Amino acid sequence: MATKSPPPLMKKHSQTDLVSRLKTRKILGVGGEDDDGEVHRSKISQVLGNEMKFTVREPLGLRLWQFLSAAMFTGIAIMALTFPDQLYSAVFDSGPVSSKTSTRLYGGALFSISLILWNSMYTSEKVIIRWTLLTEACYLSIQLIVTAATVIESGSSSLTAASVLSSCLLFALISIYYYYQVGRRPKKI
């Protein structure tokens with residue numbers, strides 16, 4: 001029995017073959033740019049997490065703000081944990097607190113938040129950075145309300161309490177500003 005030889009390979013030179021090859025290159029991410037100027041990224045790199053929409057185009061000063069916030073939270077936390085009487089009397093101009101437990105719990109909470117803030121400096125993921133900024137803004141807003149209520153309740157206002165209130169407001173506004181800046185969609189050029 002005679003064996004048939006396979007037919008010779010034929011090259012297609014049609015327009016559909018060219019379109020098909022371009023689509024394949026686009027899916028694999030080895031092609032160039034399309035008509036809109038978008039660079040083709042491979043599906044494999046998208047699955048592995050190298051997709052651009054998940055990373056942040058950082059606003060100016062974001063990393064400096066993260067560093068200053070983490071350092072501030074850590075410093076106040078250490079003061080609250082080690083010298084609770086001095087911290088309370090410095091802010092509210094009153095005598096020593098009957099129980100140091102609440103001030104030390106405050107220090108522990110601040111220290112926990114500071115650890116989160118320190119770790120957020122090492123990521124470029126938009127969601128993590130936004131959540132840490134929102135956590136900071138919420139904490140500072142609550143501290144503003146509690147400090148204002150304590151000052152009103154005690155009836156004694158001091159320069160230190162006023163500076164704590166104004167700095168809480170300013171820091172909360174800066175955190176909210178960066179929260180919205182990180183969440184903005186980049187403009188297409």
Side-chain angles (χ1 to χ4, degrees), residues 48-187:
L48 292 177
N50 294 331
E51 179 61 27
M52 293 303 291
K53 69 180 178 181
F54 296 122
T55 59
V56 163
R57 185 168 183 186
E58 296 176 358
L60 186 64
L62 173 67
R63 295 299 180 178
L64 177 65
W65 175 247
Q66 286 179 313
F67 175 77
L68 292 175
S69 297
M72 176 186 66
F73 273 68
T74 304
I76 296 172
I78 290 172
M79 286 175 52
L81 288 170
T82 54
F83 309 113
D85 287 334
Q86 290 82 356
L87 181 67
Y88 187 83
S89 64
V91 174
F92 297 112
D93 284 341
S94 62
V97 184
S98 60
S99 175
K100 298 176 185 179
T101 305
S102 60
T103 309
R104 286 198 170 125
L105 284 173
Y106 167 75
L110 274 180
F111 195 70
S112 299
I113 293 174
S114 74
L115 291 175
I116 294 169
L117 293 175
W118 283 114
N119 284 321
S120 73
M121 289 181 56
Y122 301 107
T123 186
S124 62
E125 291 187 32
K126 187 189 314 187
V127 175
I128 294 173
I129 293 173
R130 289 191 81 206
W131 272 106
T132 56
L133 289 167
L134 185 62
T135 300
E136 182 180 359
C138 288
Y139 169 79
L140 290 168
S141 300
I142 291 169
Q143 183 178 359
L144 175 72
I145 293 168
V146 169
T147 306
T150 305
V151 167
I152 291 169
E153 187 179 87
S154 68
S156 65
S157 61
S158 67
L159 182 61
T160 309
S163 65
V164 167
L165 289 171
S166 60
S167 62
C168 280
L169 180 63
L170 177 67
F171 295 157
L173 290 175
I174 292 171
S175 294
I176 290 170
Y177 167 77
Y178 280 121
Y179 174 79
Y180 283 113
Q181 288 298 315
V182 169
R184 266 187 350 170
R185 293 181 185 253
K187 296 178 183 176

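None of the values given here were measured: they were computed from a predicted structure.
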Taking the side chain from [X] and the backbone from [Y], do they hold a donor-acceptor pair closer than 3.5 Å?
X: Ser69; Y: Gln66; value: no
X: Thr123; Y: Ser120; value: no
X: Ser167; Y: Val164; value: yes
X: Ser175; Y: Ala172; value: no

Atom pair [atom1]/[atom2] of [X] and [Y] - distance to nearest 0.5 Å:
X: Lys100; Y: Phe83; atom1: NZ; atom2: CZ; result: 11.0 Å
X: Asn119; Y: Ile116; atom1: CG; atom2: CD1; result: 8.5 Å
X: Ile176; Y: Cys138; atom1: CD1; atom2: SG; result: 8.0 Å
X: Thr135; Y: Leu117; atom1: OG1; atom2: CG; result: 8.0 Å
X: Thr160; Y: Leu165; atom1: OG1; atom2: CG; result: 11.0 Å
X: Ile78; Y: Phe111; atom1: CD1; atom2: CZ; result: 6.0 Å

Indicate yes or no: at least one non-hydrogen side-chain atom of [X] is less than 4.5 angstrom from one of [Y].
X: Pro59; Y: Tyr178; value: yes
X: Thr103; Y: Gln86; value: no
X: Leu62; Y: Leu133; value: yes
X: Ile113; Y: Glu136; value: no

Those residues at least two apart in sequence (or on a different chain) that pass ring pair (Phe, Tyr, Trp, His ring centres under 6.0 Å) with Tyr177 are none

Looking at Leu81 and Gly108, what are the two nearest heavy atoms and their distance? CD2-N, 3.8 Å

Taking salt bridge (Lys or Arg N to Asp or Glu O under 4.0 Å) as the definition, give me every residue that meets it alongside Arg104, ordered by chain and number, with sequence neighbours left out. none

Steps toward side-chain contact (heavy atoms from CB on, under 4.5 Å) verdict (Ile129, Arg63): CA-CA 10 Å; Ile129 293 173; Arg63 295 299 180 178; 3.9 Å; yes

With sequence neighbours left out, what residues match Gln143 under side chain to side chain donor-acceptor pair (under 3.5 Å)? Tyr106, Tyr139

Once the angle between the rings of Phe67 and Trp118 is folded into 0 to 90°, is it parallel (under 30°), tilted (30 to 60°) or perpendicular (over 60°)? perpendicular

